[in-house]
Undergrad: 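Please find one structure pasted underneath; my questions will follow.
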Amino acid sequence: MTDPDTPDFSGLEGGEEAQAAGIVRDVVLWCGTQIAAEHRAPVPDEERLEELKAGRPAALADQTQLATADPQEAARIAEVYAARLKELNES
């Protein structure tokens, strides 16, 4: 099932890979922004900071994996990260 708020690039060459890369990049950027904000906080939440730092390398690894992913794997990564981004934005 596709999310109506997520653009469908499946008709374009490299569409799944491009869509997945964009979503993973958004998660990496979100984590980076949150890490920076936590560092600037008067009293940083060390537990949250560690959680954010732990999730970022996995996202970067998945982003690298997309270079060789087939369309099905790219779609799976896009789905996982779209759900994660939605969850992060709601938190």
Side-chain angles (χ1 to χ4, degrees):
M1 180 175 191
T2 60
D3 182 350
D5 296 328
T6 303
D8 180 12
F9 298 109
S10 60
L12 302 174
E13 185 175 334
E16 292 293 343
E17 294 87 349
Q19 182 181 17
I23 294 169
V24 174
R25 182 186 62 244
D26 288 348
V27 170
V28 170
L29 291 173
W30 187 93
C31 287
T33 300
Q34 295 302 307
I35 289 168
E38 203 58 56
H39 278 298
R40 288 190 307 268
V43 180
D45 181 339
E46 293 299 324
E47 185 177 324
R48 182 167 191 260
L49 194 53
E50 290 306 312
E51 287 174 10
L52 290 165
K53 287 180 178 180
R56 202 161 181 251
L60 291 170
D62 285 338
Q63 193 173 37
T64 300
Q65 180 183 345
L66 284 169
T68 58
D70 62 32
Q72 291 78 21
E73 180 66 9
R76 185 196 66 76
I77 291 171
E79 185 175 317
V80 167
Y81 278 88
R84 181 156 186 219
L85 187 59
K86 182 177 179 181
E87 177 182 305
L88 292 172
N89 285 325
E90 291 174 352
S91 64

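Counting from 1, the numbers follow the sequence of the chain as shown. Any value given below was found using the heavy atoms of this structure, including those in side chains, with hydrogens, waters and symmetry copies removed.
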Undergrad: Salt bridge (Lys or Arg N to Asp or Glu O under 4.0 Å): which pairs involve residues 29-44, sequence neighbours left out?
TA: Glu38-Arg48
Undergrad: Only counting residues at least two apart or in another chain, list the ones meeting side chain to side chain contact (heavy atoms under 4.5 Å, CB included) with Glu47.
TA: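 With neighbours one apart ignored, the set is Asp45, Glu51.
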Undergrad: For residues 54-71, which residue pairs pass the side chain to side chain donor-acceptor pair (under 3.5 Å) check, not counting sequence neighbours?
TA: Asp62-Tyr81, Gln65-Glu73
Undergrad: Sequence neighbours left out, what passes side chain to side chain contact (heavy atoms under 4.5 Å, CB included) with Glu90? Give chain and number order.
TA: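 Side chain to side chain contact (heavy atoms under 4.5 Å, CB included) list for Glu90, sorted by chain: Lys86.
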Undergrad: Can you see which heavy atom on Ala20 is nearest to which on Ala74, and at what distance?
TA: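 Closest heavy-atom pair between Ala20 and Ala74: CB-O, 3.3 Å.
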Undergrad: With sequence neighbours excluded, give me every salt bridge (Lys or Arg N to Asp or Glu O under 4.0 Å) pair touching residues 24-35.
TA: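 Of all non-adjacent pairs touching residues 24-35, none passes salt bridge (Lys or Arg N to Asp or Glu O under 4.0 Å).
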Undergrad: For the residue pair Ala59 and Val28, what are the closest heavy atoms and their distance?
TA: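 Closest heavy-atom pair between Ala59 and Val28: CB-CG2, 3.6 Å.
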Undergrad: Closest heavy-atom contact between Pro44 and Ala41?
TA: CD-O, 3.5 Å
Undergrad: Could you state the interatomic distance from CZ (Arg84) to CD1 (Ile23), rounded to the nearest 0.5 Å?
TA: 13.0 Å
